[in-house]
Amino acid sequence: MLITHDARCALDAVVDLVNTAPEGDETPDGLPDVTALEGFVQKHEISDVGVLSEFDLSAVRKVRGRFSAIFAEPDARRTAGLINELVAAAGTTPRLTDHDGYDWHVHYFAPGASVADHLAADCGMALAFFVVAGEQERLRRCEAPDCRHAFVDLSRNRSRRYCDSRTCGNRLHVAAYRARRKEAAG
């Protein structure tokens, strides 16, 4: 599956956005205020965003919840419905652009769109391409028992199980190794 630069940027943004959501009472909200939202926008180089407000923060949190539902949905037909609703509500307006030194690519958000609509349109379309390609199972949650972070499995054989093999994957492999050693010694 060919993933263009702009689609990869949208995938990175949606995964980071979903992973800012608090998980029960254990983790705080990763977007606690407008300053954090501004940092998110800067980190992901989201273009055409004006001055952000509490209204934007609230709208982005709502979009984040809708994206979380997409990553949690195992059925492709229901996933397609969730993406269709999200993208339609954003007032999608595809247009070609070549800004900031990047070659031609498609923006799906309307000029002057809010940051929430921008994320819903561009990130929603990036996820839609996975459903169209029959690759929806690549939209995953970490299998580590103490982590439910979202990620997109871009491995060749669709075998990635953890959001980060250096943290979650390694931690589980070390624990399994220690358990085997303990069982062998005991």
Side-chain angles (χ1 to χ4, degrees), residues 1-32 36-37 39-41 43-46 60-87 105 108 116 119-186:
M1 177 173 185
L2 174 67
I3 299 176
T4 62
H5 170 77
D6 53 311
R8 181 58 193 249
C9 291
L11 292 172
D12 291 344
V14 72
V15 165
D16 282 355
L17 179 63
V18 169
N19 291 337
T20 65
E23 294 182 27
D25 295 332
E26 298 99 43
T27 60
D29 193 316
L31 289 177
L37 179 58
F40 179 88
V41 166
K43 175 184 176 186
H44 292 284
E45 299 177 346
I46 299 172
V60 167
R61 285 177 176 164
K62 287 178 186 166
V63 166
R64 176 181 68 187
R66 297 179 82 180
F67 280 125
S68 291
I70 291 167
F71 276 86
E73 180 54 61
D75 181 72
R77 184 166 300 285
R78 286 194 294 266
T79 299
L82 293 170
I83 292 171
N84 284 340
E85 291 171 11
L86 183 67
V87 170
H105 59 282
Y108 294 95
L119 290 168
D122 272 3
C123 297
M125 289 305 300
L127 296 178
F129 293 127
F130 281 85
V131 175
V132 168
E135 300 283 348
Q136 186 229 342
E137 73 275 1
R138 290 182 182 267
L139 310 179
R140 297 190 175 165
R141 291 287 187 160
C142 185
E143 291 183 18
D146 58 340
C147 179
R148 296 301 300 148
H149 279 156
F151 68 94
V152 178
D153 180 2
L154 298 177
S155 68
R156 200 176 285 167
N157 62 357
R158 298 173 194 83
S159 63
R160 189 170 157 200
R161 297 174 45 207
Y162 308 108
C163 64
D164 186 343
S165 61
R166 289 169 292 177
T167 54
C168 291
N170 191 44
R171 189 175 62 247
L172 287 175
H173 289 112
V174 168
Y177 171 77
R178 288 181 180 157
R180 286 192 306 272
R181 294 279 309 236
K182 184 178 179 181
E183 184 177 310

Assess the residue pair Thr79 and Glu73 against the criterion (side-chain hydrogen bond (donor to acceptor under 3.5 Å, both in side chains)); give the C-alpha distance rounded to whole Å, side-chain angles, the decisive distance to 0.1 Å, and a yes or no. CA-CA 6 Å; Thr79 299; Glu73 180 54 61; 5.2 Å; no
What closest approach, in Å, do Tyr108 and Phe129 show between heavy atoms, and which atom pair accounts for it? OH-CZ, 3.3 Å
With rounding to the nearest 0.5 Å, note down the distance linking CG in Leu11 to CZ in Phe130. 5.0 Å
Do Leu154 and Arg8 have side-chain heavy atoms sitting under 4.5 Å apart? yes
For the residue pair Asp122 and Val14, establish whether any side-chain heavy-atom pair is separated by less than 4.5 Å. no
If you take all heavy atoms of Cys147 and Cys163, which pair is closest and at what distance? SG-SG, 3.7 Å
On a heavy-atom basis, which atom in Gln136 and which in Asp75 lie closest, and how many Å separate them? OE1-C, 3.8 Å
Arg158 bridged to Glu137 by N-O distance under 4.0 Å: yes
Looking at Asp153, is its backbone amide N or carbonyl O close enough to the side chain of Arg160 to form a donor-acceptor pair, meaning the two atoms are under 3.5 Å apart? no
If the threshold is 4.0 Å, N to carboxylate O, is there a salt bridge linking Arg64 and Asp29? yes
Out of curiosity, Thr27 OG1 to Arg148 CZ, how far, rounded to the nearest 0.5 Å? 13.0 Å
Any chance you could measure Cys168, atom SG, to Asp146, atom CG, to the nearest 0.5 Å? 6.0 Å
State, yes or no, whether a side-chain contact exists between Arg140 and Phe71 at a heavy-atom distance under 4.5 Å. no
Looking at Arg61 and Ala21, would you say the former's side chain and the latter's main chain have a donor-acceptor pair under 3.5 Å? no
Measure the spacing between CD1 of Ile83 and CZ of Arg78 and express it to the nearest 0.5 Å. 13.5 Å
Could you go through Asp12 and His44, starting from their C-alpha distance and side-chain angles, then the distance that decides it, and tell me whether this counts as side-chain hydrogen bond (donor to acceptor under 3.5 Å, both in side chains)? CA-CA 8 Å; Asp12 291 344; His44 292 284; over 6 Å; no
Heavy-atom distance under 4.5 Å between the side chains of Phe40 and Ile46, does that happen here? yes
What's the shortest heavy-atom distance between Val87 and Ala120, and which atoms? CG2-O, 3.9 Å
Matching residue for Phe67 among Leu139, Leu127, Leu82 - test: side chain to side chain contact (heavy atoms under 4.5 Å, CB included): Leu127
Rounded to the nearest 0.5 Å, what separation is found between the CE atom of Met125 and the CG atom of Asp6? 11.0 Å
Spacing of Ser155 atom OG and Arg161 atom CZ [to the nearest 0.5 Å]: 12.0 Å
Given side chains that start at C-beta, do those of Arg141 and His149 come closer than 4.5 Å, heavy atoms only? no
